Number of protein chains: 2
Amino acid sequence: MDKGELFQQFVRFTTSVHQVTNDMTKEIRIENITTVQYKILEFITVSQPVTLSEVSECLHLSLPNSSRELKKLIQNQLCEKIIVPNDRRKFDIRLTEKGTALMNKVFQQLELKFQERIYNLTEPELKEIQEAIKILQTKFFA
Amino acid sequence: MDKGELFQQFVRFTTSVHQVTNDMTKEIRIENITTVQYKILEFITVSQPVTLSEVSECLHLSLPNSSRELKKLIQNQLCEKIIVPNDRRKFDIRLTEKGTALMNKVFQQLELKFQERIYNLTEPELKEIQEAIKILQTKFFA
DNA sequence: CTCTTTAGTTATCATTTGATAACTAAAGGG
DNA sequence: CCCTTTAGTTATCAAATGATAACTAAAGAG
């Protein structure tokens, strides 16, 4: 296997992924939520409960900045701190009901776009795609 | 096929892709180049020659802001305008030699990280990955 | 030849984001 | 018990990004 060529394919592929997901999420604009705040919400959604340090590390934000943005999300009642018993320095972050409802709506919009995109694919093609995602997920992006 | 479940997998997958590529590009900090400017450079690199409108559209930047950032890149001698004969309103954008050298270096660093990541994979696994990328690229992210 | 559209520029302002210093308070090690 | 580390907060400042208005100049349509 020519690993250099594989890298080229990888670059083209990840570029495509970014472009497509950018286009899919592009129009999703939530009131009073900035891009960074949305990313935090998204991260909480798929990983909750999370700590602030995890937000900070995974999203490459400094702890002070993470703290600031979280504060705004909490003010908007989209997420909340939950005290964790064994370590009183930390806390878990979770979506509130309002936050959950919001993210559900967002993901529904996304799913619609996704369904449009796969609408013209056949059943075997869908199976192929599912298999391909599984392979990349477990072998490379784990 | 449960298309709802496929969507869930898709979301998890794209999240992983973003996370991994973010981690890979995280440390790449070029002097006097901001994040947006880097994205423009990246876009030019894989798509050149491009027009300013293409940059604007693909990167979801307004034309004025694209113009401003391109100006800085040109001032840094990383890319250049090339007059296109049949329409004097437009111009093509290309990397200069300096820009090409820079992006080559960047991509070399990226490739290193990529090679580290696939180091422990077997030949058949690599083939699987290549095949999976090809499928997703052609059937979904085209 | 005029009018409209396209492609891009320049200037300006508001908002978002990034970076840093100085801080509190709890946990953990010895 | 003291010292260090971890987790997070608050405040502040600079820089990057986003949005908009007003503009030039070429292309294209009728």
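Values below: all heavy atoms of this structure, side chains included; hydrogens, waters and symmetry mates excluded. Chain naming here is simple, since letters A, B, ... match the order of the sequence lines and numbering starts at 1 in each. All figures in this text were calculated on a predicted structure; none of them were measured in a lab.
We find that CD of B:Glu69 is positioned 13 Å from P of D:dA19, with the value rounded to whole Å. Distance NZ (B:Lys90) to C1' (C:dT9): 18 Å, rounded to an integer number of Å. Between B:Glu57 atom CD and C:dA7 atom C1' the separation is 13 Å, expressed in whole Å. When rounded to the nearest whole Å, the span between CG of B:Leu73 and C1' of D:dT17 equals 14 Å. Going from atom CG of A:Asp92 over to atom P of D:dA7 covers 13 Å, rounded to whole Å. Counting to the nearest Å, the P atom of D:dA16 and the CG atom of B:Leu59 are 17 Å from each other. The distance between atom CG of B:Leu63 and atom P of D:dG18, rounded to the nearest whole Å, is 14 Å. One can place NZ of A:Lys72 at 14 Å from C1' of D:dT9, the figure rounded to the nearest angstrom.
Within the 3.5 Å criterion, the main-chain N or O of A:Ile44 finds no donor-acceptor partner in the side chain of A:Ser47.
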Strictly under 4.0 angstrom, non-hydrogen atoms only: write out the protein contact profile of nucleotides 20-30 of chain D, one letter per nucleotide from the 5' end, B, S or -.
BB----BS---
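A salt bridge does not link A:Glu116 to A:Lys113: none of the charged nitrogens lies less than 4.0 Å from a carboxylate oxygen.
For B:His60 and A:Phe91, each mapped to the nucleotide of DNA chain D holding its nearest heavy atom, the one lying further toward the 5' end belongs to A:Phe91.
Pairs of residues two or more places apart, or lying in two chains, that qualify as side chain to side chain donor-acceptor pair (under 3.5 Å) and include a residue from residues 86-96 of chain B are B:Asp87-B:Arg89. Sequence neighbours left out, not one pair with a member in residues 37-66 of chain A passes salt bridge (Lys or Arg N to Asp or Glu O under 4.0 Å). A side chain to side chain donor-acceptor pair (under 3.5 Å) check over residues 2-11 of chain A, counting only residues at least two apart or in different chains, returns the pairs A:Gln9-B:Gln130. Residue pairs meeting the ring-ring contact (aromatic ring centres under 6.0 Å, His included) criterion with at least one member in residues 42-91 of chain B, sequence neighbours excluded, do not occur.
The overall bend of the helix from C:dC1-D:dG30 to C:dG30-D:dC1, read as the angle between its terminal helix axes built from five base pairs each, is 40° when rounded to 10 degrees.
Within residues 34-52 of chain B, the residues approached by DNA chain D to less than 4.0 Å at the level of any non-hydrogen atom are B:Thr34, B:Thr35, B:Val36, in residue-number order.
Across C:dT9, D:dG8, D:dG18, the shortest atom-to-atom separation from the side chain of B:Arg68 is found for D:dG18.
The side chain to side chain contact (heavy atoms under 4.5 Å, CB included) search around A:Gln137 returns A:Phe141, B:Arg12, B:Phe13, B:Ser16, not counting sequence neighbours. Residues forming a side chain to side chain contact (heavy atoms under 4.5 Å, CB included) with B:Thr100 (at least two apart in sequence, or on another chain): B:Leu95, B:Asn104. Under the ring pair (Phe, Tyr, Trp, His ring centres under 6.0 Å) criterion, A:Phe114 pairs with B:Phe7, B:Phe10, B:Phe140, sequence neighbours left out. B:Lys139 is linked by a salt bridge (charged side-chain N to carboxylate O under 4.0 Å, His left out) to A:Glu125, A:Glu128, counting only residues two or more places apart in sequence or in another chain. With sequence neighbours excluded, no residue forms a ring pair (Phe, Tyr, Trp, His ring centres under 6.0 Å) with A:Phe107.
Phosphate proximity of C:dT10 to B:Lys71: present, with a side-chain N or O under 4.0 Å from OP1 or OP2.
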